[in-house]
Amino acid sequence: MSIGLGSELLFTQMQQSKNDSKAVGLQNKLTGINSETATDEEIMEVCKEFEAYLAEKVFDRMKDAMTDSEEEEGDYLSYFGDMMYQEYAKQIAENGELGLAQQLYES
């Protein structure tokens with residue numbers, strides 16, 4: 001039994017493990033930061049990372065809702081689409097477009 005690079009199961013498992021590790025890493029940062037000793041920049045960076053993670057999850061769900069299960073994505077989107085959504089999410093957080101990071105920081 002061989003699993004090729006294009007295997008849907010392999011890709012799904014890689015995505016889930018990547019997302020889980022990203023969530024665990026973010027959770028560790030959020031729980032490990034000490035607001036009394038951390039600098040304002042460190043706290044704001046963690047807030048931006050959380051906002052980017054949330055935006056990325058929203059993009060993932062939007063993509064799932066828009067994609068018909070019978071239609072196949074193009075090769076480009078199937079391999080690099082997630083990186084595109086990650087970059088969009090980072091830019092949203094960096095530019096403060098949602099304002100969630102700022103609200104978290106202020107609270």
Side-chain angles (χ1 to χ4, degrees):
M1 177 174 140
S2 68
I3 298 176
L5 183 59
S7 172
E8 188 69 29
L9 178 62
L10 178 62
F11 183 72
T12 302
Q13 288 174 346
M14 287 179 1
Q15 275 302 106
Q16 288 175 347
S17 66
K18 180 188 77 159
N19 289 339
D20 292 345
S21 66
K22 188 181 286 189
V24 168
L26 183 58
Q27 182 178 9
N28 289 340
K29 278 187 178 182
L30 289 171
T31 56
I33 195 164
N34 184 348
S35 61
E36 295 175 5
T37 60
T39 65
D40 290 342
E41 291 83 20
E42 290 173 332
I43 295 171
M44 188 60 167
E45 188 60 34
V46 172
C47 292
K48 285 181 181 180
E49 285 182 39
F50 177 76
E51 183 175 356
Y53 178 76
L54 181 64
E56 186 179 340
K57 287 297 176 189
V58 170
F59 286 140
D60 283 344
R61 293 296 165 215
M62 286 173 34
K63 180 184 76 168
D64 292 344
M66 293 185 326
T67 305
D68 187 9
S69 61
E70 296 177 7
E71 291 181 18
E72 292 202 22
E73 294 179 333
D75 287 338
Y76 176 79
L77 279 180
S78 68
Y79 294 117
F80 300 110
D82 290 331
M83 289 191 301
M84 178 180 67
Y85 295 129
Q86 287 173 356
E87 189 59 34
Y88 285 159
K90 286 179 190 175
Q91 290 302 315
I92 286 171
E94 196 60 42
N95 295 332
E97 293 177 22
L98 292 178
L100 181 61
Q102 185 64 37
Q103 289 179 355
L104 287 171
Y105 174 78
E106 290 172 0
S107 70

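Nothing here was measured: the structure is a model prediction, and the numbers come from that model.
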Inset, instruction - Report yes if some heavy atom in the side chain of L104 is under 4.5 Å from a heavy atom in the side chain of L100; otherwise report no. - result: yes
Legend entry - Nearest heavy atoms of A93 and K48, plus distance in Å: CB-O, 3.3 Å
Inset, instruction - Heavy atoms only: give me the nearest L98-E51 pair and the separation to one decimal. - result: CB-OE2, 3.0 Å
Legend entry - Side-chain heavy atoms of M62 within contact of V58, under 4.5 Å: yes
Inset, instruction - Determine yes or no for a side-chain-to-main-chain donor-acceptor pair under 3.5 angstrom, with E87 supplying the side chain and M84 the backbone. - result: no
Legend entry - From E42 atom CD to C47 atom SG, the distance as rounded to the nearest 0.5 Å: 12.0 Å
Inset, instruction - Nearest 0.5 Å please: distance from the CZ atom of F59 over to the CD1 atom of I92. - result: 3.5 Å
Legend entry - D40 vs Y105 side-chain heavy atoms within contact, under 4.5 Å: yes
Inset, instruction - With sequence neighbours left out, write down each residue that passes side chain to side chain donor-acceptor pair (under 3.5 Å) with Y88, or none if nothing qualifies. - result: none
Inset, instruction - Evaluate side chain to side chain contact (heavy atoms under 4.5 Å, CB included) for Q91 paired with E97, printing each intermediate quantity in order. - result: CA-CA 9 Å; Q91 290 302 315; E97 293 177 22; 5.7 Å; no
Legend entry - Pairing residues for E49 by the side chain to side chain donor-acceptor pair (under 3.5 Å) criterion, not counting sequence neighbours: K29
Inset, instruction - List for me each residue that meets salt bridge (Lys or Arg N to Asp or Glu O under 4.0 Å) alongside K90, sequence neighbours excluded, and say none if there are none. - result: none
Inset, instruction - For residues A52 and A89, report the shortest heavy-atom separation together with the two atoms involved. - result: O-CB, 3.2 Å
Legend entry - Side-chain donor or acceptor of E56 paired with backbone N/O of Q86 under 3.5 Å: no
